[in-house]
Every structure is written in C-alpha cells, then in structure tokens.
Asks: 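So that we are looking at the same thing, I have put the structure below in structure tokens.
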Amino acid sequence: MSTAHDFDFFFGEWDVTHRRRLDFLDPESGWEEFGATSSCRPLFGGAANIDEMPVPARGWTGMTLRLFDPVTRLWSLNWSTDRTGRLFPPVHGRFAPDGRGEFVGADTHDGKDVRVRFTWSGISATTARWEQAFSVDGDVYEPDEDRTWLVNWSMDFTRRATGAAPRLP
C-alpha cells in the first residue's frame, strides 16, 4: 500500500543521465543523451517533496512537486520547467508491493492528446530509474489496459556520496 513516505528514497543529491527521444511520438526517432544533477527535499513531514534539476547542457531547469493524498492513497506528480513557469497536468499513482511505481495522466504533446505514464524502478540506496512513456491510443481519459506505450525519456539516478543512506520503500 502506498504511504506518505514512498519517495523518501529520493531525498538528497543525485547525478542524472538522461536519454530522450528526439521526437517523443516517433518510435523510429533517434535518441539524445545528456547529464544533469538533482536535489530532492521533503515537505509536510515527507507527505510531499520537491526536487530541482539543473540541466546546463540543454539550458533549462526542471522541478517536480510530489503530493501524497492520504484519503485516496495516491501521489500526484507535478512537473514544470523554468522555460514555461507552469505546471504540466499531473500524473497520479502509487508504488506496488514490488517497489515499482506507476503514475498516469492525460496531457498534450505538440498539439496531440496523449496518455502519459511515469514509472519509477530500480530503487536502491544509491540508484533509481525514472521512465516516461506516451500512448495515443483512443481517449486519453480511458483506462490504460491494452494501450500501446512508447517510451520517450528515461533518467538514471546515481546518488552523490553525502553520508547516510535514506530509508527505502
């Protein structure tokens, strides 16, 4: 069951390796790779957190605000960049007992409606992996079963040496 401390593993400082499709909707698109750093800190006693990710190689900084809803037991993940100054539509979800987190929502990309899925996996004291996938199958507000997903962005996180390891989910 999801808890208000599911993202405790992410608190601290990270080196990040990005791998991103050149065209998020084209499965034949090439990939680009670039590095970044990330720093995450808790809010509301851990029931929320915020990270900031400067990406100097691309000239932008991103941030994610994560909020835990104690009634639904779901997390909302809200992304923004300094290029827009606006929050993208949130994705909602939770971590499964196997430690894999899945978060989905509706958005648009280049004027096309898309279903968005964020996946967290490979979580350890020193590593984590985030992956984004889009689906353009049917109504973006319909359930996710039988959708075709195209992974278009991944980030591999490696903890910077700073002392004690955080609590894992």
Side-chain angles (χ1 to χ4, degrees), residues 1-21 24-25 27 31 36-53 62-80 87-109 113-160 162 164-169:
M1 174 180 288
S2 232
T3 75
H5 294 283
D6 288 341
F7 278 98
D8 286 5
F9 75 89
F10 202 48
F11 301 157
E13 307 292 321
W14 299 85
D15 289 316
V16 187
T17 302
H18 292 258
R19 187 166 190 260
R20 183 172 72 173
R21 278 192 194 277
F24 280 9
L25 298 176
W31 294 86
T37 59
S38 179
S39 177
C40 182
R41 66 182 178 90
L43 303 166
F44 302 159
N49 62 71
I50 192 165
D51 71 56
E52 184 175 33
M53 183 181 306
M63 64 143 251
T64 305
L65 172 65
R66 298 174 192 85
L67 301 163
F68 181 72
D69 182 329
V71 174
T72 65
R73 317 255 350 132
L74 293 174
W75 283 90
S76 65
L77 283 57
N78 306 270
W79 167 256
S80 185
L87 290 173
F88 284 68
V91 294
H92 296 88
R94 63 174 47 105
F95 283 87
D98 67 2
R100 183 178 181 274
E102 188 169 297
F103 308 86
V104 295
D107 202 345
T108 59
H109 178 73
D113 290 339
V114 297
R115 186 79 171 156
V116 180
R117 180 183 69 195
F118 292 175
T119 305
W120 281 93
S121 64
I123 297 167
S124 75
T126 58
T127 62
R129 180 177 177 80
W130 172 90
E131 190 174 87
Q132 175 179 274
F134 285 177
S135 174
V136 294
D137 298 342
D139 185 334
V140 297
Y141 295 100
E142 292 297 316
D144 296 321
E145 296 82 33
D146 301 322
R147 285 189 174 275
T148 303
W149 293 99
L150 176 62
V151 174
N152 55 39
W153 197 334
S154 66
M155 289 186 262
D156 290 306
F157 292 85
T158 305
R159 183 171 302 283
R160 293 180 151 208
T162 59
R167 184 180 76 82
L168 295 175

Asks: Please name the pair of heavy atoms, one in L67 and one in F44, separated by the smallest distance, quoted to 0.1 Å.
Replies: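 In terms of heavy atoms, the two residues are closest at CD2-CE1, 4.2 Å.
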Asks: Of all heavy-atom pairs between G105 and V91, which one has the smallest distance, and what is that distance?
Replies: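 Scanning both residues, the minimum pair turns out to be N-CG1, 3.8 Å.
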Asks: Do R117 and R147 come within less than 4.5 Å of each other through their side chains, counting heavy atoms only?
Replies: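 No, too far: nothing below the 4.5 Å cut-off.
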Asks: Side-chain contact, heavy-atom cut-off 4.5 Å: F24 with Q132?
Replies: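 Touching, per the 4.5 Å side-chain cut-off.
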Asks: Checking R21 side chain against P27 main chain: does a donor-acceptor pair fall under 3.5 Å?
Replies: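 Yes; judged by distance alone, with no hydrogens or angles, the pair exists.
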Asks: With rounding to the nearest 0.5 angstrom, report the CG to OG1 distance, D8 to T3.
Replies: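 Interatomic distance, D8 CG to T3 OG1, rounded to 0.5 Å: 7.0 Å.
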Asks: Hey, what do you get for OG1 (T148) to CZ (F134), rounding to the nearest 0.5 Å?
Replies: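 The CZ atom of F134 is 15.0 Å from OG1 of T148, to the nearest 0.5 Å.
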Asks: Centroid separation under 6.0 Å, is that true for the rings of W130 and F103?
Replies: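 No: the rings miss the under 6.0 Å criterion.
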Asks: Taking all atoms of both residues into account, what is the closest heavy-atom pair of S38 and V16, and its distance?
Replies: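 The answer is CB-CG2, 3.8 Å.
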Asks: Output the distance between atom OG1 (T158) and atom CH2 (W14), rounded to the nearest 0.5 Å.
Replies: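 Taking OG1 in T158 and CH2 in W14, the distance rounds to 8.0 Å.
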Asks: Restricting to pairs with a member in residues 41-52, which pass side-chain hydrogen bond (donor to acceptor under 3.5 Å, both in side chains), not counting sequence neighbours?
Replies: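 Those involving residues 41-52 are N49-R66, D51-R66.
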Asks: Report yes if the side chains of V116 and F118 come closer than 4.5 Å at any heavy-atom pair, otherwise no.
Replies: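 Yes - at least one pair of side-chain heavy atoms lies under 4.5 Å apart.
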Asks: Hey, could you give me the NE2/CZ distance between H5 and F11, rounded to the nearest 0.5 Å?
Replies: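 Between atom NE2 of H5 and atom CZ of F11 there are 8.0 Å.
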Asks: So, using side-chain hydrogen bond (donor to acceptor under 3.5 Å, both in side chains) as the criterion, who are the partners of D113 when residues are at least two apart?
Replies: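 For D113 there are no side-chain hydrogen bond (donor to acceptor under 3.5 Å, both in side chains) partners, ignoring immediate neighbours.
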Asks: Suppose we call two aromatic rings close when their centres sit under 6.0 Å apart. Are W120 and F10 close by that rule?
Replies: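 Yes.
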Asks: Can any side-chain N or O of R129 pair as donor or acceptor with the backbone N or O of S121 at less than 3.5 Å?
Replies: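 Side chain of R129 to backbone of S121: no pair is present.
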Asks: Can a side-chain donor-acceptor contact be found between S39 and E13 if the only test is distance below 3.5 angstrom?
Replies: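 Yes - a donor-acceptor pair under 3.5 Å links their side chains.
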Asks: To the nearest 0.5 Å, how far apart are OG1 in T127 and CG in D156?
Replies: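 CG of D156 is found 8.5 Å from OG1 of T127.
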Asks: Holding to side-chain contact (heavy atoms from CB on, under 4.5 Å), I want the full list of residues that pass it with D146, two or more places apart in sequence or in another chain.
Replies: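 If we apply the side-chain contact (heavy atoms from CB on, under 4.5 Å) test to D146, skipping adjacent residues, there are no hits.
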Asks: Are any side-chain N or O atoms of R159 and backbone N or O atoms of A125, one a donor and one an acceptor, separated by less than 3.5 Å?
Replies: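 Such a contact is found between R159 side chain and A125 backbone.
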Asks: Not counting sequence neighbours, which residues clear ring pair (Phe, Tyr, Trp, His ring centres under 6.0 Å) with F68? List them please.
Replies: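 By the ring pair (Phe, Tyr, Trp, His ring centres under 6.0 Å) rule, F68 matches W75.
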Asks: Using the salt bridge (charged side-chain N to carboxylate O under 4.0 Å, His left out) criterion, which residues pair with D107? Sequence neighbours excluded.
Replies: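 Here no residue qualifies.
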Asks: Write down the atom of D6, the atom of S2, and the distance for their closest heavy-atom approach.
Replies: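 For D6 versus S2, the nearest heavy atoms are OD2-OG, 2.5 Å.
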Asks: Test: side-chain hydrogen bond (donor to acceptor under 3.5 Å, both in side chains). Region: residues 92-101. Which pairs qualify, not counting sequence neighbours?
Replies: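 Matches after skipping sequence neighbours: R100-E102.
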Asks: Let me confirm one number: the CZ-OG1 distance from F88 to T64, rounded to the nearest 0.5 Å.
Replies: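 The distance works out to 10.5 Å.
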Asks: With side chains defined as the heavy atoms from C-beta onward, is the minimum distance between M63 and I50 less than 4.5 Å?
Replies: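 A side-chain contact under 4.5 Å exists here.
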Asks: If I compare all heavy atoms of R115 with all of A106, which pair ends up nearest, and what's the gap?
Replies: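 Heavy atoms of R115 and A106 come nearest at NH1-N, 3.9 Å.
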